[in-house]
Amino acid sequence: MGSMPEPTRSGYRQLDIAIIGSGLGGLSAALALRRAGHNVTLYERYDFAGEVGASLSVASNGSRWLLKWGLDVKAVKPVILRNLIMHEWETGAVKKEYGLGDYKARFGSEYYNFHRIDMHQVLLRTVQQAKGIGSPCRVLTKRKALGVNAKTGTIKFENGVTVTHDAIIAADGIRSQTRHSIGIEPKVEPSTSCCYRCIISADKLRELDLSEFITNDAIEFWGGFGIDKIVLSGCHNNEVVSCYCFYPAAHNGLDKDGWNIGATPDELCDTFPNLDPRVRKLFKNADDIKMWRLYIHEEYPYWVKNRVALLGDAAHPMLPDQSQGFCMAIEDAAVLGELFKEGNFDGDVEQTLRYYEEIRKPRATRVQYASAKARTNLDERIGWSTGLERPGKLTIEEICEYDLAGHVSSVVGSGVKQLSD
Ligand SMILES: Cc1cc2nc3c(=O)[nH]c(=O)nc-3n(C[C@H](O)[C@H](O)[C@H](O)COP(=O)(O)OP(=O)(O)OC[C@H]3O[C@@H](n4cnc5c(N)ncnc54)[C@H](O)[C@@H]3O)c2cc1C
């Protein structure tokens with residue numbers, strides 16, 4: 001993984017950067033840019049009711065940056081993943097097991113599983129605390145952005161206030177308003193899949209005599225060849241078990257929309273009548289059952305306009321089947337941090353954001369397509385790679401061995417084509 005020599009460029013100056021949206025992507029960008037020496041303000045439409053509860057796996061391409069940024073990973077109550085396990089749909093018998101081996105020795109950092117809310121809380125605290133490199137970020141809530149002027153760097157909010165910054169990072173999620181405001185109209189198709197998510201405590205699983213699901217340090221799958229798929233994993237120091245349960249959208253009507261629609265244990269169980277009875281028993285006793293409507297977004301024509309750059313789900317929303325959405329947002333954030341740091345940043349904001357698009361768009365788009373492929377074919381998922389390689393398939397090495405800093409150095413060193421306005 002030999003990195004290119006770091007270019008040293010003069011002209012660095014401290015910027016005043018706005019981030020719209022304080023989800024997992026926006027907070028990661030805040031941390032990276034703070035550490036690069038800039039003043040960062042996050043504008044969030046909500047009062048932090050936004051993050052929802054289920055597991056979040058973070059492969060080494062994401063975890064190495066969380067560690068590098070000094071995030072207190074222990075405080076996020078991690079589970080370290082060691083195995084991928086494939087079960088027989090009806091009986092639950094183990095069909096296939098893929099040990100991740102000494103993943104850390106191979107890829108430099110662990111493959112973690114977190115609870116999304118733990119991650120959001122720790123990131124939010126970290127960006128604002130005095131401890132750590134750079135100045136604490138400001139987080140302003142109840143600031144719903146209505147639109148931006150990309151040339152001037154101005155944001156207009158619902159409350160009538162406008163602010164102007166040197167650069168604007170739009171991390172306002174899959175339904176990004178900022179994306180629309182810079183002229184992008186997404187081509188979107190509803191997926192033929194929907195997803196229930198639910199959680200259950202380890203204590204409850206013990207009471208139900210289902211403790212075999214608690215301590216496997218694994219992501220466990222049922223189905224996955226076709227639309228139906230159950231993905232089970234432990235998080236929150238193995239005190240919580242989380243399930244994602246994919247099913248045909250037609251089952252309960254394509255008219256239901258959103259990511260937070262409540263459902264009952266019976267509705268969840270009835271969706272999977274022939275499933276392993278142990279998992280159905282878990283479902284009957286699960287908490288916080290919600291439905292997630294899934295969408296397929298085509299690649300956007302561009303991500304950057306003048307002083308505005310899209311990041312995370314605003315730039316590359318993807319189906320969850322490679323577990324890479326947050327990891328790609330971390331990579332976006334890491335590239336911004338590398339580009340805007342002293343030695344790489346020469347003071348030209350618009351040019352630097354063009355570098356960002358050139359570096360990030362091809363890789364994130366490839367993962368976006370690979371996620372759509374994996375929706376109904378578990379063999380397409382990275383991690384099941386061994387023995388299944390074929391030309392064009394996304395591999396665990398391609399994702400986990402990626403030399404991001406070397407990639408940034410090579411682009412900054414060689415210059416980038418000018419994109420049209
Ligand atoms: C079922 C499922 C499972 C997943 N599992 C994994 C996994 O295991 N691993 C992984 O890496 N990824 C996973 N992901 C993907 C990952 O969760 C997302 O990619 C990631 O959370 C996106 O973060 P974001 O900050 O870009 O967007 P969001 O989390 O959507 O954040 C957007 C923020 O912007 C705010 N906002 C929106 N509009 C405005 C506005 N106008 N003004 C101000 N603020 C605004 C919102 O309130 C929100 O706080 C999963 C996704 C799904 C659907």
Side-chain angles (χ1 to χ4, degrees), residues 18-30 41-63 65-66 79 81 111-117 119-120 123-124 139-148 155-159 168-181 191 193-198 219 229 231 233 235 242-246 258-260 290-295 297 310-333 364 367-368 371 375 381-383 399:
I19 298 178
I20 303 176
S22 66
L24 299 174
L27 290 168
S28 303
T41 309
L42 287 128
Y43 297 100
E44 167 59 45
R45 68 179 160 176
Y46 290 144
D47 203 6
F48 297 118
E51 197 47 79
V52 291
S55 63
L56 182 71
S57 68
V58 179
S60 66
N61 60 317
S63 65
W65 290 97
L66 297 177
V79 168
L81 295 169
Y111 188 2
Y112 291 113
N113 217 36
F114 300 107
H115 194 295
R116 300 170 69 96
I117 292 175
M119 176 58 75
H120 192 262
L123 274 173
L124 186 59
V139 182
L140 303 179
T141 57
K142 298 185 187 158
R143 298 288 197 290
K144 182 174 180 186
L146 295 183
V148 293
I155 311 170
K156 188 172 178 203
F157 295 98
E158 197 176 45
N159 62 6
I168 300 171
I169 307 304
D172 48 349
I174 188 165
R175 287 166 198 274
S176 170
Q177 180 80 22
T178 316
R179 188 175 60 212
H180 172 74
S181 157
S191 163
S193 301
C194 275
C195 177
Y196 283 115
R197 60 183 170 80
C198 65
I219 307 186
K229 177 167 72 181
V231 184
S233 59
C235 55
S242 149
C243 294
Y244 291 111
C245 319
F246 298 87
W259 46 264
N260 214 12
K290 295 278 161 56
M291 199 193 86
W292 218 312
R293 191 70 189 83
L294 300 173
Y295 292 91
H297 284 235
L310 306 178
L311 176 143
D313 280 7
H316 45 69
M318 55 186 69
L319 290 170
D321 299 88
Q322 299 282 4
S323 302
Q324 275 287 321
F326 176 41
C327 294
M328 285 295 113
I330 295 174
E331 286 191 6
D332 294 345
V367 177
Q368 212 178 4
S371 300
R375 174 67 294 273
R381 187 187 162 100
I382 56 160
I399 287 299

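Counting begins at 1 with the first residue of the sequence. Read the numbers this way: they start at 1 and go in the same order the structure lists the ligands and their atoms.
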Output the list of atoms in ligand 1 that are nearer than 4.0 Å to some heavy atom of Cys327, sorted by atom number.
-> 11 (O)
Compare every heavy atom of Gln322 with every heavy atom of Arg381, then report the nearest pair and how far apart it is.
-> CA-OE1, 3.4 Å
Going by the atom numbers of ligand 1, which of them fall below 4.0 Å from some non-hydrogen atom of Glu44?
-> 33 (C), 34 (O), 35 (C), 43 (C), 44 (N), 46 (C), 47 (O), 48 (C), 49 (O)
Any idea which atoms of ligand 1 are less than 4.0 Å away from a heavy-atom of Leu24?
-> 21 (O), 25 (O)
Taking atom 27 (O) of ligand 1 as the point of reference, which of Ser57, Gly173, Ala54, Gly23 owns the nearest heavy atom?
-> Gly173
Any side-chain heavy-atom pair from Tyr112 and Leu66 closer than 4.5 angstrom?
-> no
Using heavy-atom distances, let me know which of Arg45, Gln324, Met318 sits nearest atom 45 (C) of ligand 1.
-> Arg45
So do the side chains of Arg375 and Phe246 get within less than 4.5 Å of each other, counting heavy atoms only?
-> yes
Would you say the side chain of Tyr43 lies within less than 4.5 Å of the side chain of Ser22, judging by non-hydrogen atoms?
-> no
Any side-chain heavy atom of Leu294 sitting closer than 4.5 Å to one from Pro320?
-> yes
Can you check whether Cys194 reaches Met291 side chain to side chain, under 4.5 Å on heavy atoms?
-> yes
Of all the heavy atoms in Gly26, does at least one lie under 4.0 Å from an atom in ligand 1?
-> yes
Taking only non-hydrogen atoms of Ile20 and a 4.0 Å limit, the atoms of ligand 1 in range are 42 (N), 43 (C)
Counting each atom of ligand 1 from 1 as listed, which ones have a heavy atom of Gly325 under 4.0 Å away?
-> 10 (C), 11 (O), 12 (N), 15 (C), 19 (O)
Can you sort out which atoms of ligand 1 are near Asp313, meaning under 4.0 Å from one of its heavy atoms?
-> 18 (C), 19 (O), 22 (C), 26 (O)
Examine the proximity of ligand 1 to Val58 and report which part, side chain or backbone, both or neither, has a heavy atom under 4.0 Å away.
-> neither
For ligand 1, which atoms sit closer than 4.0 Å to a heavy atom of Tyr43?
-> 43 (C), 44 (N)
Do ligand 1 and Gln177 have nitrogen or oxygen atoms that lie under 3.5 Å from each other?
-> no
Please indicate whether any nitrogen or oxygen in Ser323 is less than 3.5 Å from any nitrogen or oxygen in ligand 1.
-> yes
Taking side chain to side chain contact (heavy atoms under 4.5 Å, CB included) as the test, write out the residues that go with Val79, two or more places apart.
-> Asn113, Asp217, Asn238
Does even one non-hydrogen atom of Arg197 get within less than 4.0 Å of ligand 1?
-> no
Give the contacting part of Tyr46 toward ligand 1: side chain, backbone, both or neither, where contact means a heavy-atom distance below 4.0 Å.
-> side chain
For the side chain to side chain contact (heavy atoms under 4.5 Å, CB included) test, which of Ile20, Ile19, Asp313 pairs with Asp172?
-> Ile20
Residue pair Val231 / Cys243, side-chain heavy-atom distance below 4.5 Å | no
For Cys327 and Ala59 the tightest heavy-atom approach is SG-N, 3.6 Å
Could you list which atoms of ligand 1 come closer than 4.0 Å to a heavy atom of Lys144?
-> 41 (N), 42 (N)
Ligand 1 versus Ala145: contacting region, heavy-atom distance under 4.0 Å = both
State whether Tyr295 and Arg293 meet the cation-pi test: NZ (Lys) or CZ (Arg) under 6.0 Å from the six-membered ring centroid, and within 45° of the perpendicular axis.
-> yes
Examine the side chains of Ser233 and Ser242 and answer whether a donor and an acceptor come within less than 3.5 Å of each other.
-> no
Structural part of Arg116 in contact with ligand 1, heavy atom criterion under 4.0 angstrom = side chain
Between Tyr244 and ligand 1, which part of the residue brings a heavy atom under 4.0 Å of the ligand: side chain, backbone, both or neither?
-> side chain
Does the N or O separation between Cys195 and ligand 1 drop below 3.5 Å for any pair?
-> no
Would you mind finding which of Ala171, Gly25, Ala29, Gly312 brings a heavy atom closest to atom 33 (C) of ligand 1?
-> Ala171
Heavy-atom side-chain proximity of His316 to Met318 below 4.5 angstrom | yes
